[in-house]
Undergrad: 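Encoded as structure tokens, here's the structure I'll be asking about.
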Amino acid sequence: QVQLVESGGGLVQPGDSLRLSCAASGRTFSRYAAGWFRQAPGKEREFVAAISWSGGYAYYATSVKGRFTISRDNANTVYLQMNSLKPEDTAVYYCAAVPSDSSYYTPSRVKEYDYWGQGTQVTVSS
């Protein structure tokens, strides 16, 4: 069992930056692929970014490519650096994880993940 806790959300203005963190506890996190999703009011949860357990592969949604960067450290934390934020980035952001045998696996679908955090609110507004 893995527990995920997101942090770093908040209220920012368009063009600002935020860094979200996802801290994992429980089982060793080193062999888990991880991802970030978001859900705006009235909309389905959508993929944002994913990173392989090795950290060597990342995959992004078209809407955030070039603005967001996913990374992970050697401990149990995954990050999402968000730059040039737009009002349409407003949503609850969720961290997710799944054990993986592949060092390049970067899942992008909700059903591919086994573990989820509770989410952190990001609001981009002037």
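FYI, the numbering just counts along the sequence from 1.
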Undergrad: For A24, check side chain to side chain contact (heavy atoms under 4.5 Å, CB included) against everything at least two apart and list the hits.
TA: V2, L4, F29, N76
Undergrad: Less than 4.5 Å apart, side chain to side chain, heavy atoms only: is that true for M82 and V122?
TA: yes
Undergrad: Check whether any side-chain N or O of T106 sits under 3.5 Å from a backbone N or O of A50 as a donor-acceptor pair, and report yes or no.
TA: no
Undergrad: Show the nearest heavy-atom pair for residues L18 and L85, with the distance to one decimal.
TA: N-CD1, 3.9 Å
Undergrad: Would you give the length of the straight line joining atom CH2 of W36 to atom OH of Y93, rounded to the nearest 0.5 angstrom?
TA: 10.0 Å
Undergrad: What's in the same ILVMFWY side-chain cluster as L11, cut-off under 4.5 Å, chained through other members?
TA: none
Undergrad: How about N83 and F68: do any of their side-chain heavy atoms sit closer than 4.5 Å?
TA: no
Undergrad: Can you see which heavy atom on G56 is nearest to which on S52, and at what distance?
TA: N-OG, 3.4 Å
Undergrad: What are the two closest non-hydrogen atoms of S126 and P14, and how far apart are they?
TA: N-CD, 3.8 Å
Undergrad: Could you note down all residue pairs passing salt bridge (charged side-chain N to carboxylate O under 4.0 Å, His left out) where residues 45-55 supplies at least one of them, sequence neighbours left out?
TA: R38-E46
Undergrad: Can you name the residues that form a salt bridge (Lys or Arg N to Asp or Glu O under 4.0 Å) with R67, not counting sequence neighbours?
TA: D89
Undergrad: Please collect all disulfide (SG to SG under 2.5 Å) contacts where either partner lies in residues 39-71, sequence neighbours excluded, each pair once.
TA: none
Undergrad: Which residues pass the side chain to side chain contact (heavy atoms under 4.5 Å, CB included) test with V5, sequence neighbours left out?
TA: none
Undergrad: At what distance, to the nearest 0.5 angstrom, does CZ of F37 lie from CZ of R109?
TA: 10.0 Å
Undergrad: Strictly by disulfide (SG to SG under 2.5 Å), give each pair with a member in residues 76-126 just once, sequence neighbours left out.
TA: C22-C95
Undergrad: Using residues 113-120 as the side-chain source, report each donor-acceptor pair under 3.5 Å to any protein atom, sequence neighbours left out, with the distance given to one decimal.
TA:
unit_1: Y113; atom_1: OH; unit_2: P107; atom_2: O; d: 2.7
unit_1: T120; atom_1: OG1; unit_2: G9; atom_2: N; d: 3.2

Undergrad: Does the side chain of S100 reach to within under 4.5 Å of the side chain of Y32, using non-hydrogen atoms?
TA: no
Undergrad: Taking the side chain as C-beta and beyond, is there a heavy-atom pair between F47 and Y59 under 4.5 Å?
TA: yes
Undergrad: Is there a donor in the side chain of T123 and an acceptor in the side chain of Q121, or the other way round, less than 3.5 Å apart?
TA: yes
Undergrad: Who else is in Y57's hydrophobic cluster (ILVMFWY, side-chain heavy atoms under 4.5 Å, direct or via others)?
TA: Y104
Undergrad: According to side chain to side chain contact (heavy atoms under 4.5 Å, CB included), who are the partners of A49, at least two apart in sequence or on a separate chain?
TA: Y60, I70, L80
Undergrad: Under the side chain to side chain contact (heavy atoms under 4.5 Å, CB included) test, which residues partner S71, sequence neighbours left out?
TA: Y79
Undergrad: May I have all residue pairs that pass salt bridge (charged side-chain N to carboxylate O under 4.0 Å, His left out) and include part of residues 69-86, sequence neighbours excluded?
TA: none
